[in-house]
Structure formats: structure tokens, C-alpha cells
Amino acid sequence: QVQLVESGGGAVQAGGSLRLSCAASGYTHTMYCTAWFRQAPGRERERIAAISPDVGSTYYADSVKGRFTISQDNAKNILYLQMNNLKPEDSSKYYCAADRYTKISAGAIQCGRDNALESWGQGTVVTVSS
């Protein structure tokens, strides 16, 4: 059974940085892609970044491209999301997720057939003040 536990959330001022971590257990990292989502109160869940099992392909939503970086330490089974130049609109609850469906096209990854990935963490809250 795959278990995902996020950490690293907190409060930061606009322009600041945070690094989220997601510790994974119960899976073989070569079989799963992983992704970060976020959901603010009253808003739809947004897929913001994903990475392929071989960490060779990534995906970023336009809203975070150039500011956020997804990475994965396969030796430690930890997924990271480095968030720089944070904005108040980045305030949200952030979730990591994993799925065995990976599609790579033109260097970009689709992780999961839809937004209902197989495994989810409980989330960590990020608050960015102006």
C-alpha cells in the first residue's frame, strides 16, 4: 500500500521560498509517476507539477512554470517541490500524489489518466502574505 506524507508547508511573505517534501513508502519508484496538486478553499484542485518515474520528464502548470521545480530522490523515496518567488495566489493546501499510469509525449509527462490519481497524501498548507 502506497503511503505519501507531505511536509514543509508554512507561512511566508510574497517573494519568499519554501520547499515541500513528500515521503513515499510502499511502492517501487520505477513503477510510479508522482505529482503535486493544490487546492484552495472554494476552488478546483489544480495539477501543478509532475515527474516521470525515471525523473527524465516533467510537467508544470503555466501558473507555476519558472518558479517551481519538482524533483525526486529515488534513493530516499522523497518527492520535492521547490517553490520560489511565491505569490499570495499560491496560498493553498498542497498534495503529492502517485499513479502507475505515465504517458510521455514531446518531453512532457501526463501522470495519471485523470486528476484522480491512485494514491494521495494528506496535504500541507502554504500561506503567502503580501
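What you are looking at is a predicted structure, and each value in this text was computed from that prediction instead of being measured.
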- Run the salt-bridge test on Asp62 and Lys65 with the 4.0 Å N-O cut-off and return the result as yes or no. yes

- Compare every heavy atom of Ser17 with every heavy atom of Asn85, then report the nearest pair and how far apart it is. N-OG, 4.2 Å

- Query: Of Glu46, Glu44, Glu89, which meets salt bridge (Lys or Arg N to Asp or Glu O under 4.0 Å) against Arg38?
  - Reply: Glu46

- Message: Are Ile70 and Val55 linked, directly or through intermediate hydrophobic residues, by side-chain heavy-atom contacts shorter than 4.5 Å (ILVMFWY only)?
- Response: yes

- Linked, directly or transitively: Trp120 and Leu4 (ILVMFWY side chains, under 4.5 Å): no

- Task: Would you kindly say whether Asn115 and Arg45 are connected by a side-chain donor-acceptor distance under 3.5 Å?
- Result: no

- Query: Mind checking whether Leu81 and Ile48 have side chains closer than 4.5 Å, heavy atoms only?
  - Reply: yes

- Note on the structure: Minimal heavy-atom distance between Thr124 and Gly9, with the atoms involved, is OG1-N, 3.1 Å

- Item | Path from Val2 to Leu117 over hydrophobic side-chain contacts below 4.5 Å | no

- Item | Whether Trp36 side chain and Ala97 backbone form a donor-acceptor pair below 3.5 Å | no

- Message: As an exercise, state the distance from CG of Leu86 to OG of Ser91, rounded to the nearest 0.5 Å.
- Response: 8.5 Å

- Can you run down the side-chain hydrogen bond (donor to acceptor under 3.5 Å, both in side chains) pairs that involve residues 3-13, sequence neighbours left out, and say none if there aren't any? none

- For the residue pair Lys93 and Gln39, establish whether any side-chain heavy-atom pair is separated by less than 4.5 Å. no

- Within the distance-only criterion (no hydrogens, no angle test), does the side chain of Arg47 pair as donor or acceptor with the backbone N or O of Gln110 below 3.5 angstrom? no

- Item | Backbone N/O of Lys76 and side chain of Asp73: donor-acceptor pair under 3.5 Å | yes

- Of all residues at least two apart in sequence or in a different chain, which pass the ring pair (Phe, Tyr, Trp, His ring centres under 6.0 Å) check with Tyr95? none

- Message: Test your reading of the model: is there a side-chain donor-acceptor pair from Ser52 to the backbone of Ser57, 3.5 Å cut-off?
- Response: yes

- Enter the distance from Thr102:OG1 to Ile51:CD1 here, rounded to the nearest 0.5 Å. 11.0 Å

- Message: Distance check, rounded to the nearest 0.5 Å: Cys33 atom SG versus Leu79 atom CG?
- Response: 10.5 Å

- Query: Sub-3.5 Å donor-acceptor pair from the side chain of Tyr101 to the main-chain atoms of Asp114, do we have one?
  - Reply: no

- Under 3.5 Å: donor-acceptor pair, side chain of Arg100, backbone of Met31: no

- Message: Please determine whether side-chain contact (heavy atoms from CB on, under 4.5 Å) holds for the pair Asp90 and Met83, giving the CA-CA distance in whole Å, both sets of side-chain angles, and the decisive distance to 0.1 Å.
- Response: CA-CA 9 Å; Asp90 293 319; Met83 306 186 295; over 6 Å; no

- Close side-chain approach of Thr30 and Asp54, heavy atoms under 4.5 Å: no

- Note on the structure: Closest heavy-atom pair, Gln72 versus Asn74, reported as atoms and distance to 0.1 Å, is NE2-OD1, 2.7 Å

- Item | Test ring pair (Phe, Tyr, Trp, His ring centres under 6.0 Å) applied to Tyr94 - qualifying residues, sequence neighbours left out | none

- Query: How long is the span from the CZ atom in Phe68 to the OG1 atom in Thr58, to the nearest 0.5 Å?
  - Reply: 14.5 Å

- Item | From Gln122 atom CD to Cys22 atom SG, the distance as rounded to the nearest 0.5 Å | 11.0 Å

- Task: Inspect the contact between Arg113 and Asp99 and indicate whether a charged nitrogen and a carboxylate oxygen are less than 4.0 angstrom apart.
- Result: no

- dist Thr34:OG1 -> Tyr27:OH (nearest 0.5 Å) comes out at 5.5 Å

- Note on the structure: Scanning both residues in full, the closest heavy-atom pair of Cys111 with Ala50 reads CB-CB, 4.0 Å

